[in-house]
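Below: one structure, written as structure tokens.
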Amino acid sequence: MNIVERAGARLLAPMLSSAGYAVSIGLAAVARIPHLLRRRRSLFDQMHLSGVKTLHVVLFVNFFIGMILALQLGYELQRFGQQQAIGFAVSVAMVREMAPVMTAVLLAAAVSSAMAAELGTMKVQEEITALEVMSVDVASFLVVPRVFGLMFMAPLLTVLGSIIGILGGGIIATTQLGVDFHGYLLNATEALEDRWVWWLPVPKSLYAALIKSTVFGFTIAVVGCASGLQARHGARGVGDATRSAVRNSIILIIVLNFFLGKLIYTT
Amino acid sequence: MATIELRDVHKSFGAQKVLEGLSFSVEQGQSLVLMGPSGSGKSVILKHLIGLLKPDHGEVEVMGKSVPELSGHELSLLRKDMGYLFQHSALLNWMSVFDNVALPLREGRDCAESEIRERVQKVLALVMLEGAELKLPEQLSGGMQKRVGLARALVTEPKVILYDEPEAGLDPEMSASISATIRRLQEELGTTSVTVTHSTSCAKTVGDLLAVFEKGRIIVSGPPAEVLASELPRVREFLGTPID
């Protein structure tokens, strides 16, 4: 093997192995959907941890994202005398892109990392081995509540993030651009009246946000669990697992966002 | 037929040979203690017995079943008849003592909650931990954590128990107490056990048989009193104690 092949093998083999493991964890979680009822107590615990405990950060960040969007887009629109359209621009940007992606990135940083650290610590302290030795189904006991807890909470947080972002944009529109707040809100809601198909009661943009955030929530949790369960070599290994969970989650969010956006808006 | 049997087991991790043709057997109800220097592969033997590792060569049989050849489901069934006390207890930190001990009964066994309660209380009494049910592991001393781990290993009434350094990290008094508890339970329940330890006092208390192990092989075995009195130079060097 030459140096390029050796470098490729060293780099690609662990990456493929980790990716394969994460896919197997995701499939194991899906196969255990019927266990959700039995795991409801852990599921609610995880929903509390991933949803309620991150709510304030999600609201705070999305509020500022809405204000930044209104500020930057508003000044440009103002140059052409189109500042009345600011509600439309902020609303579309927040609901379709910014809220799902920013919320997912925050969840990757706050929740996926915590999952990797928690499961990684359990792994290096032999607690996962103890569960295996006791014939406990680790995927059902530890992975299912985490994956579905986050998957259920991510869309909810995204919707709340979108609302607070639009309100943040409204404050800037009113105070900096001289746009009437009522008019801003009307403009913002009009932007969301695009229907995907006539029988769906919710705007297409909102469906896009819900689909994206559900996929992001599932992905982030699977990556966090898989990274944690692969941890080894003590505290350093837990650190590596946490770092790779956040890094891989964010990369996947960005890549999936592109493909989901393309899929949703070209159909 | 022996309850536990290893025949010509070899295991390497990379270039490092850990087990080199290891063979031993443990009869039903017998307690085997394995002693050896750190890093000699004692815990590796226990991991082979419980199916966490597979040998490169050789046979590992527990209760008549060839452990390396079992499917995931069959291994899970076999493990339900086995208990394992981890060196650092490996308790789940967010669960109370009661929930930790009840875990193997709640997961994968059809036990009613009333039966679980009864069995957990019984086993906590056996290890002298009544009244600690609601405590979290972090609120317990190392010795108490070890006893919770022991209770968890016993609650399923296993036929085989594996103890990985049961006295590790404990003061001499607590170490003696754990060893005595293991011996008492051994006599009361009649389980077959394999104990890995560095402690001669633990070996004397717990074992029916003692094997000193080095470089992947057993260098001497027999009743603990005989082995501890062995004049083999390597045994004396390892034990570091004068012959009585």
Side-chain angles (χ1 to χ4, degrees), chain A residues 10 13 24-25 27-28 31-32 34-50 53 114-115 117-146 149 225 228-235 237-238, chain B residues 13 43-44 46-53 62 67 70 72-95 99-110 137-138 145 148-156 158 160-165 168:
Chain A
R10 275 201 167 183
S24 74
I25 287 289
L27 292 175
R32 286 162 179 77
H35 297 196
L36 274 173
L37 191 63
R38 187 153 64 94
R39 303 287 175 204
R40 59 188 180 280
R41 205 174 126 193
S42 304
L43 179 73
F44 292 141
D45 280 348
Q46 290 301 321
M47 287 170 77
H48 178 79
L49 283 173
S50 59
K53 288 202 166 182
M115 286 178 184
E118 189 182 7
L119 298 187
T121 306
M122 288 180 72
K123 175 82 177 177
V124 299
Q125 290 182 346
E126 290 192 310
E127 290 170 31
I128 303 285
T129 309
L131 292 173
E132 286 170 7
V133 164
M134 289 186 283
S135 297
V136 175
D137 181 350
V138 172
S140 173
F141 186 66
L142 294 173
V143 177
V144 163
R146 283 167 176 77
C225 290
L229 291 172
Q230 284 182 298
R232 54 178 72 181
H233 309 312
V238 176
Chain B
F13 296 104
S43 297
V44 170
L46 298 187
K47 285 179 179 167
H48 277 85
L49 294 175
I50 199 89
L52 290 170
L53 290 174
V62 176
V67 179
L70 295 178
H73 177 66
E74 289 168 335
L75 188 59
S76 178
L77 289 177
L78 178 71
R79 283 171 176 170
K80 286 181 181 177
D81 283 329
M82 298 176 78
Y84 195 115
L85 177 65
F86 284 81
Q87 195 174 338
H88 302 291
S89 305
L91 302 175
L92 302 186
N93 288 325
W94 76 86
M95 282 186 166
D99 288 337
N100 261 291
V101 178
L103 186 64
L105 297 176
R106 285 184 175 145
E107 296 289 327
R109 285 177 178 82
D110 293 326
E138 65 186 15
Q145 286 186 17
V148 177
L150 186 55
R152 189 176 67 180
L154 293 169
V155 75
T156 55
V160 172
I161 307 187
L162 310 175
Y163 300 100
D164 192 356
E165 301 201 22

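Just so we're on the same page: letters track the sequence lines, and every chain starts at 1.
What you find for Ala90(B) and Glu126(A) is that their closest heavy atoms are CB-O, 3.7 Å. When every heavy atom of Leu52(B) is checked against every heavy atom of Glu132(A), the shortest pair comes out as CD2-OE1, 3.7 Å.
Proximity of Arg38(A) to Glu107(B): side-chain heavy atoms (C-beta onward) are separated by under 4.5 Å at one or more points. Put simply, the side chain of Gln125(A) reaches to within 4.5 Å of the side chain of Asn93(B), judged on heavy atoms. Leu92(B) is listed as a side-chain neighbour of Met122(A), based on a closest heavy-atom distance under 4.5 Å.
The side chain to side chain contact (heavy atoms under 4.5 Å, CB included) check on Ala28(A) picks up Arg32(A), Ala139(A), with sequence neighbours excluded. Annotation: side chain to side chain contact (heavy atoms under 4.5 Å, CB included) contacts of His233(A) (sequence neighbours excluded): none.
Residue Arg232(A) places its CZ atom among 12 or fewer non-hydrogen atoms of other residues, nucleotides or ligands, all under 6.0 Å distant. More than 12 heavy atoms of other residues, nucleotides or ligands sit less than 6.0 Å from atom NE2 of His35(A).
In this structure, chain A has a heavy atom under 4.5 Å from the backbone of Leu91(B), while its side chain stays farther away. Interface residue Thr129(A): backbone and side-chain heavy atoms are both found under 4.5 Å from chain B. For Ile128(A), no part sits under 4.5 Å from any heavy atom of chain B, backbone or side chain.
Just one residue in the list Arg79(B), His73(B), Met82(B) forms a side-chain contact (heavy atoms from CB on, under 4.5 Å) with Ser135(A), and that residue is Arg79(B).
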